[in-house]
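Presented below is the structure to which this report refers.
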Amino acid sequence: MVDEDEVGKVDIDLSSGAVTGPTDWCMNYTLRCETLKTFNPLPVMLNILNDVPALRMLSGQLYTLMAELFSNAFEHGVLGLSSEMKSGADGFAEYYKQRSIAMDKMVDGSVSFQFDLKPLVDGGGQLLITVEDSGKGFDYKARENKKFEASGYSGRGIPLIRTICDSIEYHGKGNVVKVALSWEGLGAD
């Protein structure tokens with residue numbers, strides 16, 4: 001270490017990202033079969049996203065959003081489980097029994113996340129999350145007409161995602177979902 005007098009005064013450039021965190025980036029994260037069987041990817045993904053100070057302030061909503069997106073892609077997409085099974089308390093036990101059996105039999109499959117964070121003119125930002133699974137998809141156009149209503153214990157995920165995000169769109173054969181989460185600039189109060 002060098003004595004402070006020898007170095008002189010150091011100015012910190014707040015626009016450099018050292019204090020504000022990353023502001024403009026894109027990342028892809030793909031989980032394949034063996035990882036899906038044995039690893040919970042949420043902590044890793046949330047750790048990266050929480051490096052963005054504005055997202056850190058939305059950590060509760062972000063956790064709920066990521067958990068729902070991953071659960072839908074893995075359990076319904078890759079494993080092919082129906083949420084209709086969870087129509088009652090007994091259905092939950094059966095659902096998780098079938099989930100375990102499907103995971104044991106799984107020989108391929110993947111879930112891919114793309115995170116695209118962009119700054120907005122007002123100083124805020126927007127996070128676009130695209131999730132694609134290797135499953136056969138579903139008829140999202142028919143489901144849109146029903147507005148993804150929750151019935152009993154099942155079907156609550158999509159309405160919950162809609163309350164957190166600015167938008168949710170399905171693409172492909174229903175195995176691709178894209179959500180947008182925006183925030184306003186942080187004022188200098």
Side-chain angles (χ1 to χ4, degrees), residues 17 20-83 86 95-96 99-100 102-120 124-141 143-144 148 154-183:
T20 61
T23 58
D24 191 3
W25 54 271
C26 181
M27 180 185 85
N28 296 307
Y29 187 57
T30 299
L31 304 139
R32 293 186 285 266
C33 184
E34 290 306 311
T35 297
L36 288 170
K37 285 181 175 183
T38 61
F39 180 71
N40 177 1
L42 290 176
V44 171
M45 292 187 290
L46 289 167
N47 188 41
I48 292 167
L49 293 173
N50 280 322
D51 274 346
V52 178
L55 289 178
R56 197 174 312 127
M57 293 189 315
L58 299 170
S59 64
Q61 295 98 315
L62 194 57
Y63 175 82
T64 300
L65 175 63
M66 292 298 297
E68 287 296 330
L69 290 172
F70 177 67
S71 172
N72 286 347
F74 180 52
E75 295 177 0
H76 304 309
V78 175
L79 297 179
L81 298 173
S82 170
S83 63
K86 297 185 280 188
Y95 181 85
Y96 285 103
R99 182 184 188 275
S100 180
M103 284 176 58
D104 288 344
K105 291 181 179 179
M106 189 170 72
V107 293
D108 65 355
S110 64
V111 175
S112 295
F113 284 83
Q114 180 183 47
F115 302 100
D116 191 357
L117 187 129
K118 296 181 187 279
L120 298 177
Q126 182 177 59
L127 176 65
L128 299 173
I129 304 172
T130 304
V131 183
E132 181 173 359
D133 66 67
S134 61
K136 62 183 179 181
F138 72 103
D139 186 358
Y140 61 91
K141 291 178 183 174
R143 289 292 303 264
E144 283 292 323
F148 289 96
S154 66
R156 297 176 291 179
I158 301 303
L160 181 59
I161 289 172
R162 287 188 189 284
T163 66
I164 296 171
C165 295
D166 303 324
S167 65
I168 178 171
E169 301 172 359
Y170 288 91
H171 299 281
K173 56 189 179 182
N175 66 325
V176 178
V177 62
K178 186 174 189 175
V179 299
L181 177 65
S182 301
W183 60 92

* Where do Leu49 and Met66 land on the side chain to side chain contact (heavy atoms under 4.5 Å, CB included) test, with the steps shown first? -> CA-CA 10 Å; Leu49 293 173; Met66 292 298 297; 4.2 Å; yes
* Begin with the C-alpha distance, continue with both residues' side-chain angles, and end with the deciding distance and a verdict on side chain to side chain contact (heavy atoms under 4.5 Å, CB included) for Tyr170 and Val176. => CA-CA 6 Å; Tyr170 288 91; Val176 178; over 6 Å; no
* Could you walk me through whether Ile158 and Arg162 pass the side chain to side chain contact (heavy atoms under 4.5 Å, CB included) test, one step at a time? => CA-CA 6 Å; Ile158 301 303; Arg162 287 188 189 284; 4.0 Å; yes
* To do: Could you walk me through whether Phe113 and Glu132 pass the side chain to side chain contact (heavy atoms under 4.5 Å, CB included) test, one step at a time?
  => CA-CA 7 Å; Phe113 284 83; Glu132 181 173 359; over 6 Å; no
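In this structure the side chain of Met106 reaches within 4.5 angstrom of the side chain of Val78, judged on heavy atoms. When side chains are defined from C-beta on, Asp133 does not count as touching Val131, because their heavy atoms never get closer than 4.5 Å. Proximity of His76 to Ser82: side-chain heavy atoms (C-beta onward) are nowhere separated by under 4.5 Å. Looking at heavy atoms from C-beta onward, Ile161 lies in side-chain contact with Leu65 at the 4.5 angstrom threshold. Here the side chains of Glu169 and Val177 are not in contact, with every heavy-atom distance at 4.5 Å or above. No side-chain heavy atom of Val179 sits under 4.5 Å from any side-chain heavy atom of Leu128. Side-chain atoms of Thr30 and Val111, non-hydrogen and from C-beta on, never get closer than 4.5 Å to each other. Side-chain contact between Leu36 and Leu79 is absent, with no heavy atoms from C-beta onward closer than 4.5 Å.
A distance of 12.5 Å separates NZ in Lys178 from SG in Cys165, rounded to the nearest 0.5 Å. Separation of atoms CG (Asn175) and OH (Tyr140) is listed at 9.5 Å; rounding is to 0.5 Å. Note that CD1 of Ile164 and CD of Glu68 are 8.0 Å apart. Values are rounded to the nearest 0.5 Å. For the atom pair Leu46 CG and Leu55 CG, the distance stands at 10.0 Å (nearest 0.5 Å). Rounding to the nearest 0.5 angstrom, the gap separating the CZ atom in Phe74 from the OG atom in Ser134 is 10.0 Å. Once rounded to the nearest 0.5 Å, the distance linking OG1 of Thr130 with CG of Leu69 reads 10.0 Å.
Note on residues 22-69: no pairs pass ring pair (Phe, Tyr, Trp, His ring centres under 6.0 Å), not counting sequence neighbours.
Closest approach of Gln126 to Trp183, counting heavy atoms only: N-CH2, 3.8 Å. The minimum heavy-atom distance linking Glu75 with Tyr96 is given by the pair OE2-CE2, 4.4 Å. In terms of heavy atoms, Arg56 sits closest to Asn50 at NE-O, 2.8 Å. Here the shortest heavy-atom pairing between Pro119 and Thr23 reads CD-O, 3.1 Å. In plain terms, the two heavy atoms of Val52 and Pro22 that are nearest each other are CG2-O, 3.7 Å. The minimum heavy-atom distance between Ser182 and Asp166, with the atom names listed, is OG-OD2, 2.5 Å.
Between the side chain of Thr64 and the backbone N or O of Gly60 there is at least one donor-acceptor pair closer than 3.5 Å.
The existence of a salt bridge linking Lys118 and Asp116 is confirmed by a sub-4.0 Å separation between a basic side-chain nitrogen and an acidic carboxylate oxygen.
Summarising the local packing, NZ of Lys37 is surrounded by more than 12 heavy atoms from other residues, nucleotides or ligands at distances under 6.0 Å.
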